[in-house]
2 protein chains.
Amino acid sequence: MPAITSRKEIIFREAARLFKEKGYNSSTLRGLANKAGIKGGSIYHHYSSKQEILYLIMEYTMTNLINRVQLAIKDETDPLQKLRKAITFHIEYHTIDTNETYVTDAELRSLDVENYKKIVKMRNTYEKIYRDILLEGNATEQMRIDNIKTASRALLQMCTGVSYWFNPNGKQPISQIAENYVELFLWGICGKTGAVQAALQN
Amino acid sequence: MPAITSRKEIIFREAARLFKEKGYNSSTLRGLANKAGIKGGSIYHHYSSKQEILYLIMEYTMTNLINRVQLAIKDETDPLQKLRKAITFHIEYHTIDTNETYVTDAELRSLDVENYKKIVKMRNTYEKIYRDILLEGNATEQMRIDNIKTASRALLQMCTGVSYWFNPNGKQPISQIAENYVELFLWGICGKTGAVQAALQN
DNA sequence: GTCTATATCGGGATAGAC
DNA sequence: GTCTATCCCGATATAGAC
């Protein structure tokens with residue numbers, strides 16, 4: 001979205017908030033218009049349908065995810081560092097555009113067939129970036145992953161979940177939560193016990 | 001649900017399937033009746049409202065989750081073994097009652113206030129079982145977890161995700177996928193590399 | 001660019017026959 | 001226990017005035 005907050009952008013943001021709160025189908029255009037400070041019919045001056053608004057939210061989100069994760073890892077060569085940067089980006093972005101990412105994650109079902117295909121394609125592109133990092137890590141033997149597809153799905157599922165409960169006013173800053181997740185995914189809950197660390201000292 | 005497949009049970013199962021496919025609000029009682037082999041109005045002989053069906057699906061699911069996970073771990077004393085059993089149960093149950101668990105996970109928003117409170121309470125009960133295992137593991141120093149709440153959420157989020165993509169006709173049996181997840185959560189993607197294993201041999 | 005008024009449709013729920 | 005018929009409401013989308 002452009003920097004200047006036009007009415008069109010207000011509708012966009014409020015739609016994401018509303019769709020997250022009530023779900024796409026339970027959200028009404030009257031309710032959305034009300035939040036945007038206009039009447040129901042006026043929405044059609046800015047968007048051609050409710051479906052279009054949903055699609056644009058998802059397209060915006062997927063475009064950002066793909067472009068920005070590539071930016072985040074572009075200067076790294078080490079797979080471990082790439083993964084750290086990618087995970088951290090994923091979690092942080094999901095807490096910045098919380099509403100948009102939530103809707104993108106939860107409302108795939110509500111898309112028309114054509115729109116569905118486009119978004120799924122973008123999602124595959126995004127997931128492949130993570131799979132490729134894991135593959136590299138296996139190749140350098142810095143990682144050991146039996147099943148790349150399962151592991152990348154588990155990773156993204158786990159990280160996306162942060163945005164469901166993250167409270168920006170809470171005690172823990174998001175950077176620290178992201179670091180928790182990185183450590184958890186890299187080392188598990190047993191890999192950093194005293195016994196392992198002692199052994200690694202040798 | 002009772003063993004005998006009554007019409008009431010058919011409606012219940014078809015509702016879970018339909019709500020998963022289209023979402024609660026996009027599902028119609030006429031469509032549900034059609035799947036159950038009756039006409040729309042006849043549903044009200046078995047259930048008092050659409051909302052009641054949703055609530056019963058969730059109550060059934062949470063009751064099963066709570067009771068069965070306790071059964072699964074009751075003979076174990078070792079926190080690591082408890083966790084293995086609990087994770088395996090969680091994943092396997094989500095692929096048995098896939099539709100019911102999916103709906104329970106995705107349609108909290110669609111519950112009435114009163115029903116919402118009851119289900120959230122049950123979900124907290126369920127999550128506490130996992131948190132307690134992690135706490136025990138920290139106490140015995142078999143695990144090392146900085147943030148129990150974050151870790152348990154990450155775990156459940158990750159495991160629940162299996163049911164979104166698991167294909168019972170695929171190559172991998174669910175028991176093997178569950179084992180992948182257990183290993184991933186316990187050791188991460190780095191904890192089982194050659195370097196660590198060599199160090200642990202000493 | 002926003003308003004009001006309205007066309008049109010479909011869904012949840014009920015009533016009463018069989 | 002299931003059917004048909006229907007009530008009632010609310011939602012998307014459109015038309016035309018300002």
Side-chain angles (χ1 to χ4, degrees), chain A residues 1-58 103 106-116, chain B residues 1-58 103 106-116:
Chain A
M1 305 294 295
I4 299 164
T5 302
S6 60
R7 174 128 288 157
K8 185 167 181 172
E9 186 183 338
I10 294 173
I11 296 171
F12 182 96
R13 294 283 175 198
E14 291 300 328
R17 190 198 308 273
L18 195 64
F19 293 170
K20 178 182 178 184
E21 189 189 327
K22 307 199 170 192
Y24 174 73
N25 214 276
S26 303
S27 301
T28 71
L29 291 183
R30 290 189 230 282
L32 173 56
N34 184 42
K35 284 202 171 201
I38 52 177
K39 300 290 173 184
S42 304
I43 287 181
Y44 289 87
H45 179 75
H46 303 281
Y47 298 96
S48 68
S49 69
K50 187 183 175 186
Q51 173 72 205
E52 190 198 26
I53 300 175
L54 177 65
Y55 174 71
L56 288 175
I57 290 170
M58 294 196 177
V103 169
E107 295 289 355
L108 258 186
R109 282 181 310 197
S110 303
L111 285 174
D112 285 352
V113 187
E114 289 307 302
N115 290 338
Y116 178 86
Chain B
M1 304 294 297
I4 301 164
T5 301
S6 60
R7 175 129 286 155
K8 185 167 182 172
E9 186 183 339
I10 294 173
I11 296 171
F12 182 97
R13 294 282 175 200
E14 291 300 328
R17 189 199 309 273
L18 194 62
F19 293 170
K20 178 183 178 183
E21 189 189 326
K22 306 197 170 193
Y24 174 73
N25 213 276
S26 303
S27 301
T28 71
L29 290 183
R30 288 177 173 86
L32 173 57
N34 185 42
K35 285 202 170 200
I38 51 177
K39 300 289 174 184
S42 304
I43 288 181
Y44 289 87
H45 179 75
H46 304 282
Y47 298 97
S48 68
S49 68
K50 187 183 176 188
Q51 173 72 205
E52 190 198 25
I53 300 175
L54 177 65
Y55 174 70
L56 289 176
I57 291 171
M58 294 196 177
V103 169
E107 294 289 355
L108 259 186
R109 281 181 309 198
S110 303
L111 285 174
D112 285 350
V113 186
E114 289 307 302
N115 290 338
Y116 179 86

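Here the structure is a predicted model, which is why all the values come from computation and not from measurement. Numbers restart at 1 for each chain; the letters A, B, ... are given by sequence-line order, proteins then strands.
Per the geometry, NZ belonging to Lys50(B) stands 8 Å off P belonging to dA13(C), to the nearest Å. Residue Asn34(B) contributes atom CG, which lies 14 Å from atom P of dT2(D) at whole-angstrom precision. To the nearest angstrom, P of dT12(D) lies 17 Å from NE2 of His46(A). In this structure, the CD1 atom of Ile10(B) is 13 Å from the P atom of dG1(D), given to the nearest Å. As rounded to whole Å, 16 Å separates atom P of dG10(C) from atom CG of Asn25(B). Rounded to an integer number of Å, the gap from Tyr44(B) OH to dG16(C) C1' is 17 Å. Atom C1' of nucleotide dG12(C) and atom CD1 of Ile43(B) are separated by 10 Å, given to the nearest angstrom. Atom pair Glu52(B):CD and dG12(C):C1' shows a separation of 14 Å (rounding to whole Å applied).
Across all strands, Ser27(B) comes closer than 4.0 Å only to sugar-phosphate atoms, never to a base (heavy-atom distances). Among the protein residues, Ser48(A) comes within range of no part of the nucleic acid, since none of its heavy atoms lies under 4.0 Å from any strand.
Checking dT2(D), dT12(D), dT2(C) against the side-chain heavy atoms of Ile38(B) singles out dT2(D) as nearest. Residue Lys39(A) places its side chain closer to dT4(C) than to any other of dT4(C), dT2(C), dT2(D). Of the candidate nucleotides dA13(C), dA13(D), dT2(D), dT2(D) has the atom nearest to the side chain of Ser42(B).
An OP1 or OP2 oxygen of dC3(C) is reached within less than 4.0 angstrom by no side-chain nitrogen or oxygen of His45(A).
The closest donor-acceptor contact from the side chain of Arg13(A) to the backbone of Ala36(A) lies at 3.5 Å or more, if one exists at all.
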Subject >> Residue pair Lys50(A), Tyr24(A): steps toward the side chain to side chain contact (heavy atoms under 4.5 Å, CB included) verdict >> reply: CA-CA 9 Å; Lys50(A) 187 183 175 186; Tyr24(A) 174 73; 3.5 Å; yes
**OP:** Might you work through the side chain to side chain contact (heavy atoms under 4.5 Å, CB included) test for Gln51(B) and Leu111(B), ending with a clear yes or no?
**Re:** CA-CA 7 Å; Gln51(B) 173 72 205; Leu111(B) 285 174; 3.6 Å; yes
Original post:
Hey, mind stepping through Tyr44(A) and Leu29(A) against side chain to side chain contact (heavy atoms under 4.5 Å, CB included) and telling me if it holds?
Top reply: CA-CA 10 Å; Tyr44(A) 289 87; Leu29(A) 291 183; 3.0 Å; yes
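For the pairing with Leu18(B), the side chain to side chain contact (heavy atoms under 4.5 Å, CB included) check across Ile53(B), Asn34(B), Leu32(B) returns one residue only, Leu32(B).
Along DNA chain C, the nucleotide closest to Leu29(B) and the one closest to Gly41(A) are compared, and the more 5′ of them pairs with Gly41(A).
At a cut-off of 3.5 angstrom, the base of dG12(C) holds at least one donor-acceptor pair with the side chain of Arg30(B).
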